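Structure first, commentary second.
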2 protein chains.
Amino acid sequence: MPAELIERDAVSRILAAARELFAEHGFDAVSMNAIAEAAGASKANIFHHFKNKDELYLAVLKTACANSCEQIERFGQDEGSFEQRLERYAAEHLNHILDNEQVTRLIQRDLLDNGPRRGRQFAEQVFGQNFGRLVEILREGQLRGELRQDIDPAQVALMIIGTNLTFFQAREVFRHFPDVNFAGSPETYSRMAMDIVLRGIQPHGTRNAEKE
Amino acid sequence: MPAELIERDAVSRILAAARELFAEHGFDAVSMNAIAEAAGASKANIFHHFKNKDELYLAVLKTACANSCEQIERFGQDEGSFEQRLERYAAEHLNHILDNEQVTRLIQRDLLDNGPRRGRQFAEQVFGQNFGRLVEILREGQLRGELRQDIDPAQVALMIIGTNLTFFQAREVFRHFPDVNFAGSPETYSRMAMDIVLRGIQPHGTRNAEKE
DNA sequence: CAAGACACCAACCGACCGGTCAGTCCATGC
DNA sequence: GCATGGACTGACCGGTCGGTTGGTGTCTTG
């Protein structure tokens, strides 16, 4: 992939290098010199294409979020039962954040710097889109009586996204925990988590989750 | 020993200022000058007490984690049914991370910088202790047949801690989401989340969670 | 009191920071 | 042929970075 990187035009090379470095080390820890070197361009050229460091950061966040949102839009959209859709959404979401590690880290970092800060809107955008899709699926299920009426769809959405994000965030840490045996297997993790959630949100009387 | 008192005074002032600034802005964005000014000491004095910036950061993390771990040790320890203990643990954990915002942010930041980095062990320490306590409670409940045998306690522990952490991390963001009405009320949030989890991990046949 | 240990600080250092500038290169259009 | 203008660069700017130096005042100990 370095060959590809060299072939592309300067702006996209700069954006790619900046995204990688910002995600890995954070905004303040990355110098324009480092980005220039990684992108194979001069520092002055970066300032030619982007007004300043902040604008470069915003551009990185913007393109990354646009890409991410585009993929999220398709999550859980296929046909299938409510449970299948929800299960598939969770699995796809977990896969997505694992496949797009850089973007996920970028947004998590941005969320952490929560002051009157730079790219807040983009974090809200991606987070909100995830949230919206999920709540939509859940509301629909609730209308069809496939999940309890007395639960808050937003609550369930947060649980699903939250456990996925925590899996992403801490997977390297609890890889060494003796109690944890799903650290290397997001599929196992996602299946087990949704098993619990689905059972937890079933309507009170139903017992239709018996499998074998 | 008045000398020790004086020393501890300046050192603790430096540690407090550093903890606040590191938590708010991250390691690289905080200069020793800023810490010195916030602590009411000279920069040279900081270097007198701490070998370098990294050691100061480690010291901050160490004291913060020690304090945090001490409190966690008491979570969910009181008498009560399995469900009560679990519910109380979740509520106490959420309260804890909200009360100790600085430390939580500090550790989350450190988790994000996952390379061959500085304070990894402390993040593992706090995270692991939370995890250990929860898994312990869950294992006990499993032994007594109060939750399904076919679930992984570590999975449930991650779900509880994960949703709490995500609540902490994103509460400012989804405060503006129309779908969310628990943003300002961690108690409501914790109660609703545990309602779902508890129902999801009940043994297959039981129906003892009907509302009174 | 002398000597030393210790807390503390102003001034300073080289390195590097984000950002600027004058100028080169080169494709385009007249 | 030649003017225009965007892409691009090396050299440079003021300022800040983490860290050091040389020293002052204060307390303890003999």
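All of these numbers come straight from a predicted model, not from anything done at the bench. Naming: A, B, ... by sequence-line order, numbering from 1 per chain.
- The nearest whole Å value for the distance from the NZ atom in Lys43(B) to the C1' atom in dT20(D) is 10 Å.
- Comparing dG19(D), dT21(D), dT20(C) by their nearest atom to the side chain of Phe47(B) picks out dG19(D).
- Going from atom NE2 of His49(A) over to atom C1' of dT9(D) covers 12 Å, rounded to whole Å.
- By the 4.0 Å N-to-carboxylate-O rule, Glu172(B) lies close enough to Arg175(B) to be salt-bridged with it.
- Note: CE (Met32(B)) to P (dC17(D)) measures 11 Å, nearest angstrom.
- One finds a salt bridge joining Arg133(A) and Glu136(A) here, because a Lys/Arg side-chain nitrogen approaches an Asp/Glu carboxylate oxygen to under 4.0 Å.
- Atom NZ in Lys51(A) sits about 15 Å away from atom C1' in dT20(C), given to the nearest Å.
- Among all heavy-atom pairs drawn from Phe82(B) and Ile137(B), the shortest one is CE1-O, 3.7 Å.
- Look at His48(A) and you won't find any side-chain N or O under 4.0 angstrom from OP1 or OP2 of dC8(D).
- Here the side chain of Ser31(A) is nearest to one of dC17(C), dT21(D), dG18(D), namely dC17(C).
- When rounded to the nearest whole Å, the span between CD of Glu55(A) and P of dG18(C) equals 16 Å.
- Atom P of nucleotide dC9(C) and atom CD1 of Ile14(B) are separated by 9 Å, given to the nearest angstrom.
- In this structure, of dC17(C), dG19(D), dT9(D), it is dT9(D) that holds the atom nearest to the side chain of Ser42(A).
- With rounding to the nearest 0.5 Å, the separation of CZ in Arg199(B) from CD1 in Ile196(A) is 14.5 Å.
- Distances shown here put every side-chain N or O of Asn45(A) at or beyond 4.0 Å from the OP1 or OP2 atom of dA7(D).
- Following rounding to the nearest Å, Lys53(B) (NZ) and dT20(D) (P) show an atom-to-atom distance of 14 Å.
- In this structure, Val11(A) reaches neither bases nor backbone, as no heavy-atom distance under 4.0 Å exists between it and the strands shown.
- Applying the 4.0 Å criterion to OP1 and OP2 of dT16(D), one finds that Asn33(B) has every side-chain N and O outside that range.
- Using a 4.5 Å cut-off on side-chain heavy atoms (C-beta onward), Leu106(B) and Phe122(B) make no contact.
- Distance Phe27(B) CZ to dC17(D) C1': 12 Å, rounded to the nearest Å.
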